[in-house]
S.K.: 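First the structure, which I've put down as structure tokens, then a few questions once you've had a look.
Residue numbering restarts at 1 for every chain, and letters A, B, ... go by the order of the sequence lines.
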Amino acid sequence: MLKDIVVMSFKNLGMNKMRTFLTTLGIIIGIASIIALITIGQGVTSSVIQQLSGLGGNRVTVSLTDTRVIPGFTEEDMSRFEELDNVEGVSPSLSANKTLTLIPDETHSLYDRVYNSATRVIGIDNYYFDLSASEMLMAGREIYDYDVDNGSHVCVLGYEVWKNLYGNYDPIGETIKIQSMDFTIVGILNRLVGLETTGNYSVLVPYTVAMRELQMGLVRTFDVVVSSADSISIAVSQMNDLCADIVGSTRGYSVSNQQEVMDIVVTITDLIMGMLAGIAAISLLVGGIGIMNMMLVSVSERTAEIGLRKALGAKPSVIMFQFIVEAIFISLLGGVLGVALGITIAYLAALLIGYEFSFQATTVLLAVGFSAAVGLIFGILPARKASKLSPIDALRN
Amino acid sequence: MANKVLLSMRAINKSYPMGDNYLQVLFDVNFEVRQKEFVSILGPSGSGKSTLMNIIGCLDTATSGSYVLNGRDIGSMRDRQLAKVRNSDIGFVFQQFQLLPRMTALDNVVLPLIYAKVPARERKARAMVLLNKVGLGDKVMNKPKQLSGGQQQRVAIARAMVTDPAIILADEPTGALDQKTGAQIMDLFEQLNREGKTIIMITHDPKIARRAQRIVHILDGRLYSAEEYNAIYDEDGIKWEDKSTIRTRKLRRQGNA
């Protein structure tokens with residue numbers, strides 16, 4: 001019997017397609033916004049984490065917070081870090097604004113004249129290219145360890161710098177002047193997203209060249225790559241000791257683990273997404289009230305039908321069941337359409353913002369379950385009203 | 001008549017709350033219906049016959065008195081038990097047919113069997129038997145709108161019989177039909193009665209009521225004997241005391257013309 005009643009409820013909704021659809025709209029919008037927000041949130045968070053952690057989240061950042069004690073770390077200082085147990089390597093990074101000059105007649109740049117522009121130059125080593133799990137290079141090659149060791153005059157252009165200077169032309173192999181020194185362009189970065197976006201507007205050179213020849217000073221901050229994530233806490237304490245030794249003080253520097261930064265990022269994004277999802281949940285509430293309203297109208301329209309069904313032997317509980325099933329159907333339909341819409345929105349957002357799209361099945365199940373619950377909750381009142389109608393009053397029309 | 005008593009009402013009273021007071025609609029109603037009887041309940045509008053029908057049909061319960069239907073005491077039943085009795089023991093036929101407009105004739109007839117939890121295959125077979133019996137075997141997939149009034153009432157009769165109830169309870173079954181179709185429906189009732197169905201029919205029309213074997217008269221909430229009733233109403237259901245005024249009106253109209 002229950003199956004028959006479920007089928008009847010379903011047919012009933014089909015009779016009034018326009019109204020059913022308009023009623024589901026509230027649920028569709030509510031569920032779609034929740035799904036979209038959660039999925040976008042998860043996507044952004046995970047892409048940020050991915051970029052923070054590089055290949056495994058085993059980086060420790062050492063930075064000088066007070067340059068009055070010492071002006072910066074020298075190459076010798078850094079090599080001391082490199083010699084610590086559990087340390088795989090050191091990845092320094094130093095930046096300064098320098099003048100880029102294109103060579104007239106030789107360049108294929110958009111500017112066929114002498115062009116000077118102050119551009120951020122970052123001295124890095126090969127570890128830089130491990131920052132993100134996704135491919136960082138769009139064309140050419142990375143800056144390798146031997147470039148760093150030999151002090152090669154090579155550079156990699158950030159995406160925006162390349163776009164600005166060359167449009168779509170591939171300038172690999174061409175020479176560009178940084179502070180009147182010739183550098184060969186060996187690579188172009190992909191457009192970076194997430195936290196590490198300064199690279200987009202920068203020119204990357206080997207840090208040894210940056211320190212020795214471009215006069216960019218000493219290193220104020222560098223990453224230490226630890227061999228395994230498990231040994232991070234030991235390595236951190238060793239580095240603290242080493243810093244204290246180099247700086248000659250227990251203040252003026254910081255040794256921080258990417259994990260801490262990641263935890264903060266996750267906490268913040270969770271908080272923001274939770275708030276947004278809460279707001280979206282309010283729209284679900286409104287959608288639920290819409291269902292209740294429509295069901296109440298439906299009950300009063302169908303008093304004669306309800307009366308007849310009761311006269312033919314439908315118990316109050318059966319009538320109640322029929323109307324609750326109708327409400328749940330509307331709500332579930334809205335839930336399913338909402339999930340589809342929400343995922344579409346999240347997918348488009350992923351394309352626009354540029355992170356990797358993915359969604360979790362649990363989110364979908366949660367949303368569908370939630371919409372069914374909304375139907376149940378807001379269907380109870382109209383269904384009770386229907387079940388309590390007297391067959392005499394209902395038939396007398 | 002030796003048949004067993006199917007329905008028995010003793011000292012039935014019914015009153016409705018009305019403001020601070022009660023409006024009494026039925027006064028000390030006593031009557032019995034035996035198996036295979038065809039009984040009419042005849043009364044003018046406002047006589048309380050609809051209230052009586054509601055109580056017979058277990059759509060409503062009496063304020064006091066006892067009502068036993070098919071061996072069960074109805075007076076002490078709750079809503080859900082009443083629903084069960086309506087489903088198994090009573091087949092309703094209404095003046096306005098009361099078919100569900102969006103369902104086919106077949107689905108309308110099947111409906112009571114769904115509430116009786118009869119398996120799907122058997123439901124359809126039983127409904128088909130009855131639709132054939134009322135002469136609509138070729139119209140089972142039609143919606144009510146595609147059927148004439150008489151055909152719709154036949155579907156309703158098939159629906160009333162499909163659970164094989166103890167009584168068929170018909171409320172002005174010809175009220176919405178023309179004379180000829182109405183007569184055909186009455187023929188069908190007579191046929192069903194000959195085949196052993198117990199039928200109770202509520203009507204205000206003495207001509208229709210006379211098609212039954214026995215007439216129960218009701219007036220102002222009380223049952224009357226045939227003699228008492230006939231002293232107030234003529235064979236067309238018109239009050240004797242109104243007849244002179246009707247005649248003068250008629251004469252006046254003719255005079256004007």
S.K.: Between A:Gly313 and B:Tyr115, which heavy-atom pair has the shortest distance, and what is it?
M.R.: O-CB, 3.8 Å
S.K.: At what distance, to the nearest 0.5 angstrom, does CE of B:Met53 lie from CD1 of A:Ile392?
M.R.: 8.5 Å
S.K.: If you round to the nearest 0.5 Å, how far is CZ of A:Arg309 from CG of B:Asn87?
M.R.: 13.0 Å
S.K.: Testing the basics here: between A:Ala314 and B:Ala83, what is the closest heavy-atom pair and its distance to 0.1 Å?
M.R.: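 Closest approach of A:Ala314 to B:Ala83: O-CB, 3.9 Å.
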S.K.: Strictly less than 4.5 Å between heavy atoms, which residues of residues 12-37 of chain A line up against chain B? Please order them by number.
M.R.: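 Interface residues of residues 12-37 of chain A: A:Asn12, A:Met15.
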S.K.: I want to check something: taking the side chain as every heavy atom from C-beta on, are A:Met8 and B:Asp107 in contact at a cut-off of under 4.5 Å?
M.R.: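 A:Met8 does not reach B:Asp107 side chain to side chain.
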S.K.: I want to check something: taking the side chain as every heavy atom from C-beta on, are B:Arg86 and A:Lys310 in contact at a cut-off of under 4.5 Å?
M.R.: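 Yes; the side chains approach each other to less than 4.5 Å.
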S.K.: As an exercise, state the distance from CG of A:Leu312 to CG of B:Leu100, rounded to the nearest 0.5 Å.
M.R.: 8.0 Å
S.K.: Which atoms of B:Asn54 come close to chain A, meaning under 4.5 Å heavy atom to heavy atom: side chain ones, backbone ones, both, or neither?
M.R.: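 Contact with chain A is through the side chain of B:Asn54 alone.
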S.K.: Which residues, numbered in order, of residues 268-302 of chain A come under 4.5 angstrom of chain B by heavy-atom distance?
M.R.: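 At a heavy-atom separation under 4.5 Å, chain B is reached by A:Arg302.
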S.K.: Is the number of heavy atoms from other residues, nucleotides or ligands within 6.0 Å of OH (A:Tyr347) greater than 12?
M.R.: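 Open.
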S.K.: Given heavy-atom pairs under 4.5 angstrom as the criterion, report whether the side chain, backbone, both or neither of B:Arg78 touches chain A.
M.R.: neither
S.K.: Is it true that, when you exclude B:Phe94 itself, more than 12 heavy atoms of the residues, nucleotides or ligands shown sit nearer than 6.0 Å to its CZ?
M.R.: yes
S.K.: Indicate yes or no: at least one non-hydrogen side-chain atom of B:Arg159 is less than 4.5 angstrom from one of A:Leu308.
M.R.: yes
S.K.: Find the one option among B:Gln81, B:Arg80, B:Lys84 whose heavy-atom pairs under 4.5 Å with chain A are most numerous.
M.R.: B:Arg80
S.K.: Using a cut-off of under 4.5 Å for heavy-atom pairs, which of B:Leu111, B:Asp79, B:Leu113, B:Thr163 has the most such pairs with chain A?
M.R.: B:Leu111
S.K.: Counting only heavy atoms not in B:Tyr16, do more than 12 sit closer than 6.0 Å to its OH atom?
M.R.: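 More than 12 heavy atoms, drawn from other residues, nucleotides or ligands, come within 6.0 Å of this atom.
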S.K.: Could you tell me which of A:Pro391, A:Ala311, A:Pro316 has the largest number of non-hydrogen atom pairs under 4.5 Å with chain B?
M.R.: A:Ala311
